[in-house]
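This report refers to the structure that appears directly beneath it.
Keep in mind that the numbers below use all heavy atoms, side chains included, and drop hydrogens, waters and symmetry copies. Everything numeric here is computed off the predicted structure, so don't read it as measured data.
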Amino acid sequence: AQASEVKKFDALAAQWWDPHGPMRPLHAMNPARTTWVAERIAKHASRTGTGLEGLSVLDVGCGAGLASEAFARFGASVTGMDAAPEALAAARDHADSAGLPIRSLPGGPEDLPAGERFDAVVSLEVIEHVALEDRPAFARALARAVKPGGMVFLSTLNRTTKSFLTAKLGAEYILRLLPVGVLNLGEVTLSA
């Protein structure tokens, strides 16, 4: 991630776990999206429901660990990675206080020990914070981190005019749901 992006998220580290604070939208959508991902991982592993016992999940760009903790509660062995050291420390502290055995590693998928692989790799609202020219290498590193036959999950905001108006302007400036500057849509494609 770009240094300016890392600083942005480090500045929010102390407030990340406040469900009424600047990360309120992530708290609101986390249960639905982590359940959706867990169901697909479980189904891919020929299981029912969201039980992930015995499976490993890498959460790249974990921030303070909202998704990591959800996957750990579903039973997965979770490793959270983030380039923002303060956010990662908040993730580690929160997981420890919740009694969740989540491994925390600094950096991104390219910093994993050679040959380390996971049943599933998750990177939620992260790729938009990676420099445009670094995105292909980031995607390749995510692919290298997953075991053969495993799954990679990416999510990001659409880069359209409608998305810019609703997410960036609406959420950051009008409704103040997110701190100004958190959403990085980069260049917006002028389409609906």
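V146 and V37 fall into different hydrophobic clusters, where Ile, Leu, Val, Met, Phe, Trp and Tyr side chains are chained together by heavy-atom contacts under 4.5 Å. There is no path of hydrophobic side-chain contacts, each under 4.5 Å, that joins I102 to W16. In the hydrophobic clustering of ILVMFWY residues, with side-chain heavy atoms under 4.5 Å counting as a link, M151 and L154 come out apart. The hydrophobic cluster containing V78 also contains F153, counting ILVMFWY residues as joined when their side-chain heavy atoms lie under 4.5 angstrom apart, directly or transitively. In this structure, W17 is a member of the same hydrophobic cluster as M29, with clusters built from ILVMFWY side-chain heavy atoms closer than 4.5 Å.
For E69 (side chain) and A95 (main-chain N/O), a donor-acceptor pair under 3.5 Å exists by modelled atom type. A distance-only check finds a donor-acceptor pair linking the side chain of R47 to the backbone of E53 [under 3.5 Å]. The backbone N or O of A90 lies less than 3.5 Å from no partner atom in the side chain of D93, so there is not a single donor-acceptor pair. Counting only distance, with no hydrogens or angles, the side chain of R117 and the backbone of P148 share no donor-acceptor pair below 3.5 Å. Looking only at distances, no side-chain donor or acceptor of D119 sits under 3.5 Å from a matching main-chain atom of G150. The backbone N or O of L66 lies less than 3.5 Å from no partner atom in the side chain of H94, so there is not a single donor-acceptor pair.
The two residues A42 and L52 have their closest heavy-atom pair at N-CD2, 3.8 Å. What you find for F118 and R103 is that their closest heavy atoms are CZ-NH2, 3.7 Å. Scanning all heavy atoms of the two residues, the minimum distance from S104 to L88 falls at CB-CD1, 3.9 Å. The heavy-atom pair separating L142 from S123 by the smallest distance is CD1-CB, 4.2 Å. Pairing each heavy atom of R33 with each of L124, the nearest pair is NH1-CB, 3.4 Å. Scanning all heavy atoms of the two residues, the minimum distance from A72 to L100 falls at CB-CD2, 4.3 Å.
E39 and K43 are not joined by a salt bridge, as no carboxylate oxygen comes within less than 4.0 angstrom of a charged side-chain nitrogen.
Interatomic distance, OG of S68 versus CZ of R92, reported as 11.5 Å (0.5 Å rounding). Distance OG1/T50 to CH2/W36: 14.5 Å, rounded to 0.5 Å. Going from atom CD of Q15 over to atom CZ of R24 covers 12.5 Å, rounded to the nearest 0.5 Å. The distance from atom NE2 of H27 to atom NE2 of H20, rounded to the nearest 0.5 Å, is 9.0 Å. Of the inter-residue distances, the one linking E116 atom CD with K147 atom NZ reads 10.0 Å to the nearest 0.5 angstrom.
The shortest side-chain heavy-atom distance between V57 and F74 does not fall under the 4.5 Å cut-off. Looking only at side-chain heavy atoms (C-beta outward), S155 and E125 come within less than 4.5 Å of each other.
When each of L112, L105, V122 is checked for a side-chain contact (heavy atoms from CB on, under 4.5 Å) with L58, only L112 meets the rule.
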